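These notes concern the structure reproduced below.
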Amino acid sequence: MNDVTGLPGKGLGAHYRAQFALGGHSVRHLQGILRLYLLRSGLAEVADAAELALTELLTNVVRHVPGRRCAVCYVLLPGAVRVEVSDSDARLPVRGSGELFAEGGRGLLLVEAVTDRWGVTPHTTGDGKTVWFECTSKSPEG
């Protein structure tokens, strides 16, 4: 089951959290939710970068996490957004070499290139991890 939590009836709120078993169209839908969230929060400037980084993290879930289950959280910070993707696979992601003909391994390099900060936090219970990134607006009103 997919669950969404937030602040019903109070606008967008400071965060959006949902749990999913990712399917064929899930990434596109989550991109759209993130874009809408950022546009309505005055962070349109970071929407393209955040969507691209989110796509890479969700693709890693689809490719590497048994059952393709994850939780996604968008957190508004002053002039920025933090996006977290948590799953139950304790294996930490490995940043690839970026070799031209490699079949994969460029996703985290891309996340690093388009975001201001990113990282991985293993769950203290040992049953998974949270991969996160932050995109900060460069404009004074963002």
Side-chain angles (χ1 to χ4, degrees), residues 1-139 142:
M1 175 193 300
N2 296 332
D3 301 311
V4 178
T5 61
L7 303 173
K10 296 187 181 220
L12 292 173
H15 73 278
Y16 171 90
R17 180 180 299 275
Q19 293 182 344
F20 294 94
L22 296 176
H25 299 291
S26 300
V27 173
R28 183 171 42 116
H29 292 303
L30 288 167
Q31 285 174 323
I33 292 168
L34 177 59
R35 178 165 292 274
L36 180 63
Y37 196 65
L38 293 174
L39 293 178
R40 296 222 175 145
S41 299
L43 291 169
E45 176 187 339
V46 302
D48 289 340
E51 273 189 63
L52 181 56
L54 174 65
T55 300
E56 292 303 324
L57 298 188
L58 294 176
T59 299
N60 283 344
V61 170
V62 169
R63 288 185 178 166
H64 303 293
V65 175
R68 300 182 304 180
R69 293 197 61 77
C70 69
V72 177
C73 183
Y74 308 146
V75 181
L76 290 179
L77 305 170
V81 65
R82 179 181 174 104
V83 175
E84 301 176 349
V85 176
S86 301
D87 63 59
S88 61
D89 189 344
R91 293 176 296 166
L92 299 180
V94 177
R95 199 168 91 197
S97 65
E99 291 183 27
L100 183 60
F101 296 109
E103 219 172 282
R106 288 182 290 279
L108 291 178
L109 293 172
L110 189 57
V111 170
E112 184 175 289
V114 301
T115 65
D116 294 294
R117 294 179 356 123
W118 77 277
V120 181
T121 306
H123 296 171
T124 56
T125 55
D127 64 348
K129 65 190 170 297
T130 298
V131 184
W132 58 269
F133 66 83
E134 294 176 1
C135 292
T136 304
S137 174
K138 308 302 185 250
S139 63

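Computed from a predicted structure; not experimentally measured. All heavy atoms count here, side chains included; hydrogens, waters and symmetry mates do not.
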Between [X] and [Y] (salt bridge meaning N to carboxylate O under 4.0 Å), is one present in this structure?
X: Asp48; Y: Arg35; result: yes
X: Arg69; Y: Asp89; result: no
X: Glu45; Y: Lys138; result: no

Approximate separation, where rounding is to 0.5 Å, of [X] [atom1] and [Y] [atom2]:
X: Asp127; Y: Ser88; atom1: CG; atom2: OG; answer: 7.0 Å
X: Asn60; Y: Asp87; atom1: CG; atom2: CG; answer: 9.0 Å
X: Leu30; Y: Tyr37; atom1: CG; atom2: OH; answer: 13.5 Å
X: Asp116; Y: Thr136; atom1: CG; atom2: OG1; answer: 4.0 Å
X: Phe133; Y: Leu108; atom1: CZ; atom2: CG; answer: 11.5 Å
X: Arg82; Y: Cys135; atom1: CZ; atom2: SG; answer: 11.5 Å

Between the main-chain N or O of [Y] and the side-chain N or O of [X], is there a donor-acceptor pair closer than 3.5 Å?
X: Ser26; Y: Gly23; result: yes
X: Lys129; Y: Arg91; result: yes
X: Ser137; Y: Ser139; result: yes

Do [X] and [Y] come within less than 4.5 Å of each other through their side chains, counting heavy atoms only?
X: Val75; Y: Cys73; result: yes
X: Leu43; Y: Leu76; result: yes
X: Pro93; Y: Val120; result: yes
X: Phe20; Y: Val61; result: no

Q: Apply side-chain hydrogen bond (donor to acceptor under 3.5 Å, both in side chains) to Glu84 and Thr130, showing your working.
A: CA-CA 6 Å; Glu84 301 176 349; Thr130 298; 5.5 Å; no

Q: Check the angle between the aromatic planes of Tyr74 and Tyr16 and answer parallel, tilted or perpendicular using the 30° and 60° thresholds.
A: parallel

Q. Between Thr115 and Glu134, does any side-chain donor sit less than 3.5 Å from a side-chain acceptor?
A. no

Residue pair [X] / [Y]: nearest heavy atoms and the distance that separates them:
X: Leu58; Y: Cys70; value: CD2-SG, 4.1 Å
X: Val62; Y: Leu22; value: CG2-CD1, 3.8 Å
X: Ala49; Y: Val114; value: CB-O, 3.3 Å
X: Gly126; Y: Ala90; value: O-CB, 3.6 Å
X: Trp132; Y: Arg117; value: CH2-NH2, 3.5 Å
X: Glu56; Y: Gly107; value: OE1-CA, 3.2 Å

